[in-house]
Amino acid sequence: MKPNLIAVFLAVALLCAPVLPGGPITHAGAAQPSMSAVDVLIDVGHGGIDGGTSYGDLLEKDINLAVGKKLYDRLRQTGLCIALNRTHDYAPSDDNDWLKSRSRHLRDLAQRKLLIDVLQPKLTVSLHTNWSKHKAARGPGFLYQSAMPSYIAAHLLANRLNGLYGTNTAPYVGKTFYLLKRTNSPTVIVEMGYISNGSDRNMLTSPEGQKQITEAIASAILDYLIVYDF
């Protein structure tokens with residue numbers, strides 16, 4: 001079975017209505033965006049049956065979603081066309097009835113890749129939360145493709161988030177990561193902090209901390225779009 005591209009397109013059309021001076025366009029009055037109209041795709045990691053990493057009853061998927069929705073709202077305020085791959089708690093693999101694989105994880109990744117391939121955004125930022133058995137491990141992390149646009153985006157994100165956390169984490173090429181290997185569109189994976197570290201955990205879960213993370217990521221994305229001047 002082939003991917004249902006129409007369903008993918010319509011789902012994102014609900015998210016990409018641009019914000020105009022007179023206010024946001026409602027779905028009833030909005031034209032469907034062209035593929036090239038998408039500036040940024042926010043890929044919210046995990047979801048549904050896949051909770052990601054955890055600390056007590058805190059789940060990565062919930063942190064990722066909370067920041068993802070805030071980032072979506074923040075970037076929409078600039079008038080950019082922003083797509084969000086999930087607005088609630090569900091697994092993208094639930095939508096994948098076209099890849100004949102017994103691996104739910106692989107179906108999830110393939111569905112995320114499909115959305116990137118269909119929209120061809122100027123930048124995809126995949127949001128995640130880290131964990132370590134060493135409680136002292138803290139700060140953000142960044143993985144990028146070998147291509148220059150991804151490299152630039154990762155380093156701009158590192159500059160902003162390292163400044164927020166007071167760290168100096170260097171981005172690195174994610175050679176083995178599915179989304180980075182299999183997509184041509186510029187993509188960066190951002191680990192927003194360690195859920196296993198008390199200081200990071202407070203940043204990741206508090207309203208003010210999430211606001212600061214959102215602002216740091218949004219600023220880096222805007223810097224990237226200026227640098228590449230699409």
Side-chain angles (χ1 to χ4, degrees), residues 1-17 27 32-33 35 37-54 58-73 75-76 81-131 141-145 150 153 174 176-192 195 204 210 213-214 217 221:
M1 184 181 298
K2 294 182 178 180
N4 188 342
L5 299 183
I6 294 178
V8 171
F9 184 81
L10 291 177
V12 176
L14 295 174
L15 300 172
C16 277
H27 175 54
Q32 293 179 355
M35 302 301 185
V38 179
D39 295 297
V40 180
L41 168 60
I42 303 168
D43 175 69
V44 179
H46 306 283
I49 193 173
D50 178 9
T53 192
S54 63
L58 291 175
L59 298 177
E60 176 186 357
K61 66 174 183 177
D62 297 327
I63 295 172
N64 298 343
L65 181 59
V67 176
K69 291 166 71 174
K70 287 181 173 63
L71 181 60
Y72 171 74
D73 290 338
L75 291 174
R76 279 282 302 273
C81 182
I82 310 300
L84 188 66
N85 73 328
R86 65 180 182 94
T87 59
H88 58 283
D89 183 21
Y90 86 101
S93 58
D94 293 343
D95 294 332
N96 189 331
D97 58 0
W98 53 271
L99 182 66
K100 299 309 175 184
S101 171
R102 297 179 63 181
S103 169
R104 185 211 58 78
H105 181 59
L106 183 57
R107 294 196 308 274
D108 178 278
L109 292 172
Q111 191 69 14
R112 294 171 189 273
K113 175 187 179 298
L114 172 64
L115 187 57
I116 295 172
D117 289 346
V118 169
L119 297 180
Q120 298 180 13
K122 296 169 184 174
L123 179 65
T124 296
V125 176
S126 184
L127 300 178
H128 290 266
T129 303
N130 220 335
W131 181 91
F142 316 92
L143 297 91
Y144 61 92
Q145 299 155 315
S150 180
T176 63
F177 287 76
Y178 187 100
L179 287 186
L180 300 180
K181 287 196 309 178
R182 296 173 180 262
T183 56
N184 293 322
S185 175
T187 302
V188 177
I189 295 174
V190 177
E191 298 281 0
M192 298 181 289
I195 197 174
L204 290 164
Q210 290 182 353
I213 292 171
T214 296
I217 295 174
I221 290 172

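Since the model is a prediction, treat every value here as computed from it, not as a measurement.
Counting heavy atoms from C-beta outward, Thr214 and Leu71 have side chains that approach closer than 4.5 Å. Taking the side chain as every heavy atom from C-beta outward, Lys113 and Leu179 approach each other to under 4.5 Å. Proximity of Ile217 to Leu127: side-chain heavy atoms (C-beta onward) are separated by under 4.5 Å at one or more points. Phe142 has its side chain within reach of Val190: a pair of non-hydrogen atoms, C-beta onward, lies under 4.5 Å apart. With a 4.5 Å cut-off on side-chain heavy atoms, Thr87 and Tyr72 do not count as touching. Side-chain contact between Leu123 and Asp39: absent, with no pair of heavy atoms (C-beta onward) separated by less than 4.5 Å. Within the 4.5 Å cutoff, side-chain heavy atoms of Leu84 are placed close to those of Val44. In this structure, Ile213 and Lys70 have side chains that are not in contact, with every pair of non-hydrogen atoms separated by 4.5 Å or more.
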Do Asn85 and Gln111 pass the side-chain contact (heavy atoms from CB on, under 4.5 Å) test, and can you show the C-alpha distance, the side-chain angles, and the key distance before you say yes or no? CA-CA 10 Å; Asn85 73 328; Gln111 191 69 14; over 6 Å; no
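In this model, a donor atom of one side chain and an acceptor atom of the other lie less than 3.5 Å apart for Ser126 and Asp43. With no hydrogens or angles considered, a side-chain donor-acceptor pair links Asn64 and Thr129 at under 3.5 Å.
To the nearest 0.5 Å, atoms CD1 (Ile195) and CD (Glu60) are separated by 7.5 Å. A distance of 9.5 Å separates NZ of Lys100 from CZ of Arg107, quoted to the nearest 0.5 Å. To the nearest 0.5 Å, atoms CG (Asp73) and NZ (Lys69) are separated by 8.5 Å.
Annotation for Ile49: atom CD1 does not count as buried by contact number, only 12 or fewer foreign heavy atoms lying within 6.0 Å.
Taking every heavy atom of both residues into account, Ser185 and Pro121 meet most closely at OG-O, 2.8 Å.
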